[in-house]
Structures are given as C-alpha cells and as structure tokens.
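All figures in this text were calculated on a predicted structure; none of them were measured in a lab. All ligand and atom numbering here is 1-based and tracks the order in the structure.
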Amino acid sequence: MLYDIAVIGAGASGLMAASRFQDKKICVIDKNSTIGAKIKISGGSKCNITNKYLSSDNYDGDKEFIQETFKKFDNKNLLNFLNKNGVYPKIDEKIVKGTYFCRSSMEPINMFKKLNSKTKFYLDNEVLDVENIDDIFIIKTSKNTIKSKKLFVASGGLSYKSLGATDIGFKIAEKFGHSITRLDPALVGFTVQKDQFWFKELSGLSVDVRIKVEDKKCEGKMLFTHKGCSGPAILTTSLHWKKGQISINFLPNKDSYLPKRFRQIVNKLNIDLKDYKFAPAGNFGYTKAEVTRGGISTKQLNKNFESKYQSGLFFIGEVVDITGQLGGYNFQWAFSSGYCIYN
Ligand SMILES: Cc1cc2nc3c(=O)[nH]c(=O)nc-3n(C[C@H](O)[C@H](O)[C@H](O)COP(=O)(O)OP(=O)(O)OC[C@H]3O[C@@H](n4cnc5c(N)ncnc54)[C@H](O)[C@@H]3O)c2cc1C
C-alpha cells in the first residue's frame, strides 16, 4: 500500500495534522501502543491545553515564524476547534496565569480518535530510518516498511523516553540536510552547587518568587527539593537559562509570606532576600524535563512547515526549534503547527 501521507508520531501535533487529511490515504506511526501518551499524563491528567495570554513572547525561537503560524491558528481558533468537537476547556489559574485545562486529558485524546477514524495507525512501531527514492518515502519501522508520497515528522523532542521519545526526528532532518540547533532539557528543575545545599534542608517547601534570568523575569512558586529546586517559576527560568547566574527575589509582593523554616535558615546564612544570585549546577535532565529546547531550524522550513531541501517532507511540533513556557504554550504550538501544516 502506498499512502498519500505518513505521519511519524501520534502525539499532539501528529494527531492534529492527521485529522486534517481524512480525505487522503493517511497513516500514523508510533512507538507507543496507545495514542497521545503525553497528552494523557499532562497537567495532572487534565491537560493544560492552551493559555489566554498567547503571544510569541511566551516562546523561545523564531518570533516571526511563530507569529505567522498563530495568525492562521491561535488560542481562540484552538478553543473553537475543541468546542466544535465537544471539548470545553476552562480557565484555572491556580498555578500559572491564563491556563486552560480540560476536565480530563482523555477528552482531547478521544476527540482525536474520532477525528482520525479514517487514519490507519501503526502502533508499537518504532521508526528506525527513512529514505526517499524516486519521490517516495520509505519508512522502516521495527515491524514494517511503509511507503508514502508525503511525510510529516511529528516525533517530538528527547524528553520522557518512557513516553516514547527518540531522536528520530532530528536524525531524519540531518539526513535530508537540515541543521539542528543546540538541544537542552527545558521546563525542568535545577541542581545546585555547594553554596546552595541549604535548599535541601527545605525540601518540600515552596515560596513565591520573582526570578531574573538574562533579560527575562519569571514569577510564581519555587519549590525546594532534595536535589535542588523546581516549581513553576524555576521551570520557566530553565527555558531561558543556558549558564551563569540567576537572581531570585524572595519578596516579590508587598504581602509576601515566608514560612518560619525558611526564615530561620536564610537569617542564619544572611541571604539577600531581594536579589539572591547563584549559578545553578545544571538541571534534572531529559527524564524530568517537560520539553526539549532547540530543534530543527525554522530557517530551513517554509511557512507551511515543508523542508526547503526535500519536497514532501514536513516537520511540526516540538521537534522544531520553538519552545514554549509553562502554561499550555507547548500544546498550543503542537496543535497550531499540526493544523497549519501544508496550508
Ligand atoms: C510530564 C509532561 C507534562 C506536560 N504537560 C504539558 C501541559 O500541561 N501543557 C503543555 O502545553 N505542554 C505540556 N507538556 C509538553 C507537551 O506534552 C509537548 O510539548 C507536546 O506533547 C509536543 O507534541 P509533539 O506532537 O510535538 O510531540 P509528542 O507529544 O512528544 O509526540 C511525539 C510522538 O512521537 C513518537 N515517537 C518518537 N520517536 C518515534 C519513533 N522513532 N518511532 C515512532 N514513534 C516515535 C512518540 O512515541 C510520541 O508519541 C508536558 C510534557 C511532559 C513530559
């Protein structure tokens, strides 16, 4: 069987893209035995699907490329699309401003099952290699050889191997002449150096902070852990931090509350509560990172996500060098790119 389109990845971007081409002979290939593995566990199983305050400022990557995509399909378009298909996310701002959550993350997964009723799924199939011979893509998986006229690579980043992540998207890109920007775990906690070992004594405690990193400010909760620090403010900071110092303001608001245990330790150590500077040792790595920063350079993609080097080859979602902050921005990017592909 020769497919019109083969999609690698049954995640957010691949499912959205496949749902748009039900009039074609289309298949989706995934290493996992079920679809939407990351959607399922995201947002405490309620999937933080988008954010009210969407803008290209919420992303690390090519602003113009992001804006062009959101002009075609932004947060309002996504919410309309979901509503039209029976999913009604609601705002819940307990952790991050403007976040929309579903009642259950199974809602979008079930929606995509319905929208992909014509899609042939090859699950439990790990893609190992792709070739293009006479304008046909030959996709070798652990179980099959699949042929298609077009190939959508929606294989995500390197985070959470346990949910199917592999480097196949980057390998395919390189094989067809693309460059990959530096890849790093992002939206992830920091490990610390000796001077911050006092964080461990506060493991489990969280406080409100405002963090300065490069020219960015990240606000929210910081959680002390036995390995260093985490929590929403730190996860967002990790998106912008490459190396060097960050500065934490532990008194971001007039009515900032500092727990007794925290006060005792910082008093003893004489910590500057408004401008505590330190350089993280590193981060918790891809096993804990929600996303991968970096990816396939947008400079080598057309506005419809097609490769400038190989016609019929497209890259969408997290595999592209565009990474969102915490708060629904990464699913929005995955869905927007999946919706706009080939348009
Ligand atoms: C724990 C966790 C929670 C998150 N929560 C949120 C959230 O609430 N809101 C938000 O916006 N973002 C969240 N994210 C980030 C978000 O899940 C991703 O940015 C998004 O899923 C990326 O979509 P994608 O389609 O590009 O890739 P993915 O969803 O990662 O899908 C890629 C698919 O490709 C498959 N694949 C990879 N390699 C191969 C191969 N060689 N052969 C076959 N198949 C392959 C994988 O199995 C996977 O199913 C979270 C991430 C994690 C890890």
Considering only non-hydrogen protein atoms, determine which one is nearest to [atom] and report residue, atom name and distance to 0.1 Å.
{"atom": "atom 31 (O) of ligand 1", "result": "G11 CA, 3.5 Å"}
{"atom": "atom 33 (C) of ligand 1", "result": "D30 OD2, 3.5 Å"}
{"atom": "atom 1 (C) of ligand 1", "result": "I41 CD1, 3.3 Å"}
{"atom": "atom 22 (C) of ligand 1", "result": "E318 OE1, 3.5 Å"}
{"atom": "atom 5 (N) of ligand 1", "result": "S42 CB, 3.3 Å"}
{"atom": "atom 25 (O) of ligand 1", "result": "S13 OG, 2.7 Å"}

Does an N or O from [X], backbone or side chain, lie closer than 3.5 Å to an N or O of ligand 1?
{"X": "K38", "answer": "yes"}
{"X": "F331", "answer": "yes"}
{"X": "T166", "answer": "yes"}
{"X": "V127", "answer": "yes"}

Ignoring hydrogens, just give me the one of [options] whose non-hydrogen atom is nearest [atom].
{"atom": "atom 53 (C) of ligand 1", "options": "Y160, Y122, F101", "result": "Y160"}
{"atom": "atom 3 (C) of ligand 1", "options": "K31, K171, E290", "result": "E290"}
{"atom": "atom 27 (O) of ligand 1", "options": "A334, G156, G9", "result": "G156"}
{"atom": "atom 37 (C) of ligand 1", "options": "A154, G14, G164", "result": "G164"}

Just heavy atoms, cut-off under 4.0 Å: does [X] contact ligand 1 by side chain, backbone, both, or neither?
{"X": "N125", "answer": "backbone"}
{"X": "W333", "answer": "neither"}
{"X": "N48", "answer": "both"}

Would you call [X] and [Y] a salt bridge, taking side-chain N to carboxylate O under 4.0 Å as the test?
{"X": "D129", "Y": "K175", "result": "yes"}
{"X": "K31", "Y": "D124", "result": "no"}
{"X": "D275", "Y": "K277", "result": "yes"}
{"X": "K303", "Y": "E68", "result": "no"}
{"X": "E131", "Y": "K140", "result": "yes"}
{"X": "K150", "Y": "D4", "result": "no"}
{"X": "R293", "Y": "D184", "result": "yes"}

May I ask you to list the atoms of ligand 1 that are less than 4.0 angstrom from any heavy atom of [X]?
{"X": "G317", "value": "26 (O)"}
{"X": "S155", "value": "32 (C), 34 (O), 37 (C)"}
{"X": "L163", "value": "47 (O)"}
{"X": "V291", "value": "15 (C), 19 (O)"}
{"X": "N330", "value": "11 (O), 12 (N), 19 (O)"}
{"X": "G43", "value": "5 (N), 8 (O)"}
{"X": "I168", "value": "38 (N), 39 (C), 40 (C), 41 (N)"}
{"X": "Y329", "value": "11 (O)"}

Would you say the side chains of [X] and [Y] form a donor-acceptor pair under 3.5 Å?
{"X": "N51", "Y": "Y329", "value": "yes"}
{"X": "Q325", "Y": "T236", "value": "no"}
{"X": "T323", "Y": "E318", "value": "no"}
{"X": "S307", "Y": "H178", "value": "yes"}

Side chain to side chain donor-acceptor pair (under 3.5 Å) between E306 and S311, intermediate numbers included: CA-CA 7 Å; E306 187 168 18; S311 77; 4.7 Å; no
Determine whether any heavy atom of [X] lies closer than 4.0 Å to an atom of ligand 1.
{"X": "I39", "value": "no"}
{"X": "A37", "value": "no"}
{"X": "A12", "value": "yes"}

Exceeds 12 heavy-atom contacts within 6.0 angstrom, atom NZ of K63: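 It does: K63 NZ has more than 12 such atoms within range.
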Any pair counted as ring-ring contact (aromatic ring centres under 6.0 Å, His included), so long as it reaches residues 134-153, sequence neighbours left out: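 Sorted result for residues 134-153: F21-F152, F152-F314.
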Contact list for residues 264-283, test ring-ring contact (aromatic ring centres under 6.0 Å, His included), sequence neighbours left out: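 Residue pairs passing ring-ring contact (aromatic ring centres under 6.0 Å, His included), neighbours aside: W198-Y276, F199-F278, Y276-F278.
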Output field: ring centroids Y59/F70 closer than 6.0 Å: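 Ring centres of F70 and Y59 closer than 6.0 Å.
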